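Position 1 is the first residue of the sequence; numbering continues from there. All values reported here derive from a predicted model rather than from experimental measurement. Computation of the quantities below employed the complete heavy-atom set of this structure, encompassing side-chain atoms and omitting hydrogens, waters and symmetry-equivalent molecules.
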Amino acid sequence: MDYLVQLQDAGDRHRVTLTLTDADVNKPAIDVVFDVLGAEADQLVAAHSITEEARADFAALQAAIFDHDAQGAFIRDGVAFRVNGRDLNPDAPFVGAFATVEHQGLRYGRCDLLLDAPGLAGAAKPAAAASSAPAGNSADTSQEEQ
């Protein structure tokens with residue numbers, strides 16, 4: 001079965017559709033994040049996991065998710081993933097995040113993966129960022145904006 005992931009940031013500025021294999025989706029979700037979302041765009045385009053047109057959005061999403069140090073890539077502080085409206089369980093097999101869909105005789109798995117990253121969501125939706133601030137700061141921000 002084919003698996004489609006609609007990955008987008010919470011600010012709805014970047015959106016990419018990824019195609020995953022059975023081997024990918026049977027891994028723990030955190031491995032999918034590092035192995036697929038952390039992969040080079042060239043590799044994913046060559047494997048037909050993303051389109052050439054999605055390369056710029058994919059790079060922007062990667063930059064929001066990952067930082068690097070001497071030991072390699074790591075997920076930035078404050079980054080969260082929600083799959084189909086629920087928090088992503090990093091230890092569970094990713095296949096559990098998919099709903100089975102049938103369209104014109106084709107059967108495939110589909111999931112919506114929402115990236116909540118401070119830099120992306122805050123820039124796109126400043127009002128939402130202000131409302132998620134601590135209670136004391138939220139009132140001050142609202143008064144300043146008014």
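- One hydrophobic cluster holds both Leu18 and Val79 under the rule that ILVMFWY side chains link at heavy-atom gaps under 4.5 Å.
- The heavy-atom pair separating His14 from Asp9 by the smallest distance is N-OD1, 2.5 Å.
- Tyr108 has its side chain within reach of His103: a pair of non-hydrogen atoms, C-beta onward, lies under 4.5 Å apart.
- When all heavy atoms of Asp57 and Arg13 are compared, the pair lying nearest together is OD1-O, 4.1 Å.
- Electrostatic pairing of Arg55 and Asp42 counts as a salt bridge here, judged by a charged N lying under 4.0 Å from a carboxylate O.
- Under the 4.5 Å side-chain contact rule for hydrophobic residues, Leu113 and Phe66 share a cluster.
- Rounding to the nearest 0.5 Å gives a distance of 12.5 Å between CD of Gln62 and CG of Asp67.
- More than 12 heavy atoms of other residues, nucleotides or ligands sit less than 6.0 Å from atom CG of Asp69.
- Put simply, the residue from Leu88, Val33, Asn26 that forms a side chain to side chain contact (heavy atoms under 4.5 Å, CB included) with Phe94 is Leu88.
- Within the 3.5 Å criterion, the main-chain N or O of Val36 finds no donor-acceptor partner in the side chain of Gln43.
- When all heavy atoms of Phe58 and Leu37 are compared, the pair lying nearest together is CZ-O, 3.5 Å.
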Please tabulate, one pair per line, all N/O donor-acceptor pairs under 3.5 Å involving side-chain atoms of residues 1-8, not counting sequence neighbours.
{"unit_1": "Gln6", "atom_1": "OE1", "unit_2": "Thr17", "atom_2": "OG1", "d": "2.9"}
{"unit_1": "Gln8", "atom_1": "OE1", "unit_2": "Arg15", "atom_2": "NE", "d": "3.2"}
{"unit_1": "Gln8", "atom_1": "OE1", "unit_2": "Arg15", "atom_2": "NH2", "d": "3.0"}

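- Of all heavy-atom pairs spanning Glu52 and Val45, the tightest one is OE1-CG1, 3.7 Å.
- In this structure, Pro118 and Gly78 approach most closely via the heavy-atom pair CD-O, 3.5 Å.
- Arg82 CZ to Asp87 CG: the interatomic distance, rounded to the nearest 0.5 Å, is 5.0 Å.
- In this structure, CG in Asp91 is found 8.5 Å from CD1 in Ile30, a value given to the nearest 0.5 Å.
- Clustering ILVMFWY residues whenever any of their side-chain heavy atoms sit less than 4.5 angstrom apart, transitively, puts Leu20 in the very cluster that holds Phe34.
- Heavy atoms from other residues, nucleotides or ligands lying under 6.0 Å from NE2 of His68 number more than 12.
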Val25 and Phe98: CA distance, side-chain angles, deciding distance, side-chain contact (heavy atoms from CB on, under 4.5 Å) verdict:
CA-CA 9 Å; Val25 299; Phe98 290 86; 3.6 Å; yes
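- Cluster annotation: Ile75 is connected to Val16 through the hydrophobic network of ILVMFWY side chains, with a link wherever side-chain heavy atoms come within less than 4.5 Å.
- Looking at every heavy atom in both residues, Ala97 comes nearest to Cys111 through O-CB, 3.2 Å.
- Taking NE2 of His48 as the start and OG1 of Thr19 as the end, the distance is 10.0 Å to the nearest 0.5 Å.
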